[in-house]
Each structure stands twice: as C-alpha cells, then as structure tokens.
There are 2 protein chains.
Amino acid sequence: MKVETRKEEIIKTSTILFQKKGYSAVTMRDIAKVMGIKAASLYNHIDSKQEILSNIIISLAEEFTDGMRVIMNSNDSSIDKLSSIVKLHVDITSRNTSGMASLNNDWMHLKEDLDYYLKLRLDYEDNIRQIIEQGILNDQLQDSNAEVMLFSMLSTLRSLYIWIPSKEDLNPLELAKNLNKVLLTGIIK
Amino acid sequence: MKVETRKEEIIKTSTILFQKKGYSAVTMRDIAKVMGIKAASLYNHIDSKQEILSNIIISLAEEFTDGMRVIMNSNDSSIDKLSSIVKLHVDITSRNTSGMASLNNDWMHLKEDLDYYLKLRLDYEDNIRQIIEQGILNDQLQDSNAEVMLFSMLSTLRSLYIWIPSKEDLNPLELAKNLNKVLLTGIIK
DNA sequence: CATGTAAACTAACAATTGTTAGTTAGGTTG
DNA sequence: CAACCTAACTAACAATTGTTAGTTTACATG
C-alpha cells in the first residue's frame with residue numbers, strides 16, 4: 001500500500017497537464033488549481049517548475065536505460081533482443097502514458113539535465129543500432145538499410161503513448177505480440 | 001522566380017522557431033529578432049501569433065488531404081495505395097520538415113481552426129484504415145490486427161520530420177523505396 | 001499543555017507576454 | 001510636387017508568468 005507523497009502527487013498532476021498542452025503552456029497556477037491549492041503552496045514541496053519536468057523525463061529515461069542494460073547483457077538472439085525492446089516500450093508506456101508525452105515532446109525544455117538526457121538517448125539508440133547490425137551479419141535480418149529499420153521501429157515505439165490510451169481493451173502482452181509481428185514481418189502477405 | 005512576400009517570410013521563420021521550442025515557448029519578440037525587426041512590426045503583415053500557427057498547420061493538413069483524395073480515386077491495389085501514401089509523406093515532409101513538427105506537436109494550440117484540423121486528420125486516418133481493411137479482404141495483407149498496422153505505419157510516417165534532416169544524403173525517392181520495403185515486408189529475413 | 005512541523009494561505013515582485021496606437025522614413029504613382 | 005503606401009519604428013498597455021516572503025492553520029509529538 002504505497003502512500004504517495006505530496007511531491008509525487010504534484011508530479012503526477014503535472015504529467016497529465018504537460019501531456020495535454022506541453023510544458024511551456026502549463027502554468028504553476030494550472031497545476032495548483034487541479035491540486036486544489038494555490039500556486040505558491042506548490043513550493044512547499046518542489047523547488048521549481050523545471051524540477052517537475054526533470055523528474056518526469058529523467059526517471060523515464062533511466063527506466064529505459066536500465067531495461068536496455070538487461071537486454072544487452074543477455075545472450076538472446078538479435079531478434080529476441082528486438083522483441084524484448086518492444087516489450088520494454090509497451091511496459092513502460094502502459095504504466096506512464098502521460099510521462100511519455102513529455103519525454104518525446106518537452107525534453108528540449110530541460111536545463112541542467114539536458115546533456116544527461118541526450119546522452120542517455122544517444123546511447124539507447126546506439127544499442128538498438130548495434131543489435132540490428134548484428135542481426136544483419138548473422139543473417140537473421142534483411143540486408144537492407146539498417147538506419148531505416150532503426151528509425152521505423154523507434155518511431156512506432158516512441159508513438160505508443162499516443163495510441164495506447166485509446167486502446168485500453170488491448171492488454172500489454174497482446175499488444176506487444178501484435179507489434180512484434182508487424183514490426184518484424186511487416187504487413188504484406 | 002517566386003518572390004516571397006513578407007508574410008511568407010515571417011511564417012517561414014516562425015516555422016523554424018516553432019520546431020525548436022514549440023509554439024508556446026516562442027515569443028513574437030523571438031520571431032522579430034530573427035527577422036531583424038521589432039515585434040510590433042510583425043503586425044503590419046500578420047494579424048496574430050495564432051494566425052501564423054494556423055497557416056503552418058492547415059496548409060500542411062490540406063496538402064495531405066489533397067494527396068489522399070488522388071490516391072483514393074485511383075484504381076490501384078491496396079498495396080500500391082499504401083506505397084503512394086508513403087511517397088506522399090516523404091514528399092511533403094522533405095519540402096517542409098519544420099512545419100511537420102508543428103503539425104505533430106502544436107495542433108492542440110489551434111483555436112478557430114482546431115475542429116477543422118481534427119476533422120481532416122480523422123478523415124485521413126479513416127482512409128488509410130479503409131485501404132488496410134480492403135487489403136486484408138483481398139488477401140494482399142496479413143490477416144492480423146489492422147489497427148496495429150495502421151498505427152505502426154502512421155507513427156513512422158509522422159515521425160519522418162525528426163529523421164529526414166539528419167539524413168540529407170538520402171534522396172526522397174530512395175528513402176520512399178526503403179521505407180516501403182521495411183513497412184510492407186518488415187525487417188526479418 | 002507546549003512545541004514543532006507540514007502544508008496551506010495572502011500579498012507581492014519583477015519580468016515577460018501578445019498586442020495596440022500613433023509616428024516616421026523611403027519609395028512609387030498621380 | 002503632392003499624395004499615397006509599405007514597412008519599419010517607439011512607447012505603452014493589461015495580463016500573465018515563475019517565484020519569494022511572511023503568516024496562519026491543523027495536527028502530532030514530547
């Protein structure tokens with residue numbers, strides 16, 4: 001029975017507002033109003049608006065990094081690794097759909113943590129690229145443009161947050177299975 | 001030899017700034033500074049900040065709608081129609097990469113034109129859905145989840161604006177070809 | 001009961017926001 | 001030359017922004 005601290009409540013509320021209008025268009029008074037308090041009261045729990053954004057984005061980015069580390073340390077085949085990445089995205093996005101909006105659209109408003117975030121993202125992409133290139137070498141993947149594969153897969157996975165909320169009937173496991181099929185084998189018969 | 005009006009210059013400048021920081025975080029003074037004039041002078045050419053956004057988004061949305069109409073009116077197979085859609089996205093995005101960022105991320109800041117935009121987008125998605133479902137019926141496409149196919153394809157196409165600028169070596173025709181292959185036949189061997 | 005603390009409040013701040021009004025300089029047209 | 005137009009300018013506005021200072025309230029602990 002996890003008791004949510006007031007700070008966590010503020011971050012959760014902000015996450016939902018940031019998803020709807022983006023970081024810049026949401027004011028501290030907006031956040032306070034939803035919480036039922038005055039804007040100044042927020043500062044009993046957080047240091048700045050920037051801290052809220054940082055918290056949302058960095059914690060998610062680190063979740064991805066942690067998940068990727070496990071995958072890279074496994075002895076799975078390239079294809080199994082890619083499947084695990086799909087599952088990782090579905091899992092994290094299902095649990096924090098709103099936060100994924102900030103991760104995708106508001107990262108450029110980070111100040112102190114911008115460089116750190118960019119490094120995490122770059123490393124993450126490099127890992128997927130490595131898996132794909134390995135898969136081509138091993139003859140598991142088609143020998144076409146690896147960058148296009150990487151881009152297509154990552155685009156789909158990064159957009160999940162837009163799509164998951166409207167498909168609540170589909171459970172994460174089922175979704176991951178379907179996504180895997182489409183991403184790996186395409187749509188043509 | 002197209003002569004650009006001052007208004008078009010303002011819109012072009014704004015488009016680039018909106019891409020970098022999003023509509024809300026860009027001020028009229030930001031735009032004016034890049035143009036080398038004062039913020040008040042912008043109002044000799046445009047009515048409001050909102051008008052700039054509207055102009056960027058609606059003109060792009062209508063381009064997509066026009067392209068889709070041609071595709072729907074053709075007698076092509078489902079697969080050929082999907083290929084044409086890929087080409088449509090690559091074409092439009094190559095010609096106005098920055099604008100696509102606003103289309104994707106700032107549409108919710110539209111005021112007067114919001115409903116119109118949403119209708120265009122919904123119709124567009126419905127058209128693709130229709131093509132996919134037809135393709136399944138005709139046994140041209142795999143009989144798996146049509147929504148997942150639609151989502152995966154659209155996600156990739158909508159994200160093109162992020163990816164195209166860093167791959168300027170790849171010409172649009174080549175890119176469309178590669179994308180087609182990956183989206184239709186997947187990546188697995 | 002006295003004290004301490006968590007979490008709210010009011011009031012205000014300096015800066016920034018989109019926008020308006022009125023003016024001016026320079027070039028084109030009658 | 002006179003009239004006009006385009007496109008810039010200065011100055012200011014009312015509203016909104018993130019944030020701070022100082023105060024009050026309610027509750028828990030000793």
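What's counted below: heavy atoms across the whole structure, side chains too, no hydrogens, waters or symmetry copies. Here is how names work: the chains are called A, B, and so on, in the same order as the sequence lines, proteins then strands, and each is numbered from 1. Just so we're clear, the structure is a prediction, and the values are computed from it rather than from any experiment.
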**OP:** If a pair satisfies salt bridge (charged side-chain N to carboxylate O under 4.0 Å, His left out) and one of its residues is in residues 95-110 of chain A, list it, with sequence neighbours excluded.
**Re:** Glu63(A)-Arg95(A)
Original post:
Checking all strands, does Arg29(A) fall into the base, sugar-phosphate, or nothing category for heavy-atom contacts under 4.0 angstrom?
Top reply: base
Subject >> Comparing Tyr23(A) and Ala40(B) on DNA chain D - which has the more 5′ nearest nucleotide >> reply: Ala40(B)
Subject >> Nearest-Å distance for atom pair NZ/P, residues Lys33(A) and dG18(D) >> reply: 14 Å
**OP:** Rounded to the nearest angstrom, tell me the gap between atom NZ in Lys21(B) and atom P in dT16(C).
**Re:** 12 Å
Nucleotide N/O of nucleotides 23-29 of chain C paired with protein N/O under 3.5 Å:
none

Subject >> Rounded distance (Å) that lies between atom P of dT17(C) and atom OH of Tyr43(B) >> reply: 12 Å
Original post:
Do Asp30(B) and Lys21(B) pass the salt bridge (Lys or Arg N to Asp or Glu O under 4.0 Å) test, and can you show the C-alpha distance, the side-chain angles, and the key distance before you say yes or no?
Top reply: CA-CA 11 Å; Asp30(B) 289 338; Lys21(B) 314 202 295 170; 3.8 Å; yes
Original post:
Of the nucleotides dC9(C), dT19(D), dA8(D), which has the atom closest to the Arg6(B) side chain?
Top reply: dA8(D)
Subject >> Protein-nucleotide distance (Leu42(A), atom CG; dT20(D), atom P), rounded to Å >> reply: 13 Å
Original post:
Separation of Leu53(A) atom CG from dG18(D) atom C1', in whole Å?
Top reply: 15 Å
**OP:** Examine distances only and state if a side-chain atom of Ser41(B) and a backbone atom of Ile37(B) form a donor-acceptor pair shorter than 3.5 Å.
**Re:** no
Subject >> Asp66(B) and Arg69(B) ion-paired at < 4.0 Å >> reply: yes
Original post:
Starting at CD1 of Ile52(A) and ending at C1' of dT19(D), how long is that distance when rounded to a whole Å?
Top reply: 12 Å
Subject >> Nearest-angstrom distance from the residue atom CG of Asp47(A) to P of dT19(D) >> reply: 10 Å
**OP:** Give a yes/no answer on whether the side chain of Ser41(B) brings an N or O atom under 4.0 Å of OP1 or OP2 in dC9(D).
**Re:** yes
Subject >> Atom pair distance, as rounded to whole Å: CD1 in Ile46(B) and P in dT19(C) >> reply: 7 Å
Subject >> Side-chain N,O (Lys49(A)) to OP1/OP2 (dG18(D)) below 4.0 Å >> reply: yes
Original post:
Closest approach of Ile31(A) and Thr13(A), non-hydrogen atoms and distance?
Top reply: O-CG2, 4.1 Å
**OP:** Write down the atom of Val86(B), the atom of Ala176(B), and the distance for their closest heavy-atom approach.
**Re:** CG1-O, 3.9 Å
**OP:** State whether the side chain of Gln19(B) and the backbone N or O of Ile16(B) hold a donor-acceptor pair below 3.5 Å, judged by distance alone.
**Re:** no
Original post:
Is any N or O donor-acceptor pair between the side chain of Asn44(A) and the base of dA6(C) shorter than 3.5 Å?
Top reply: no
**OP:** May I ask you to verify if any side-chain N or O of His45(A) is less than 4.0 angstrom from the OP1 or OP2 atom of dA6(C)?
**Re:** no
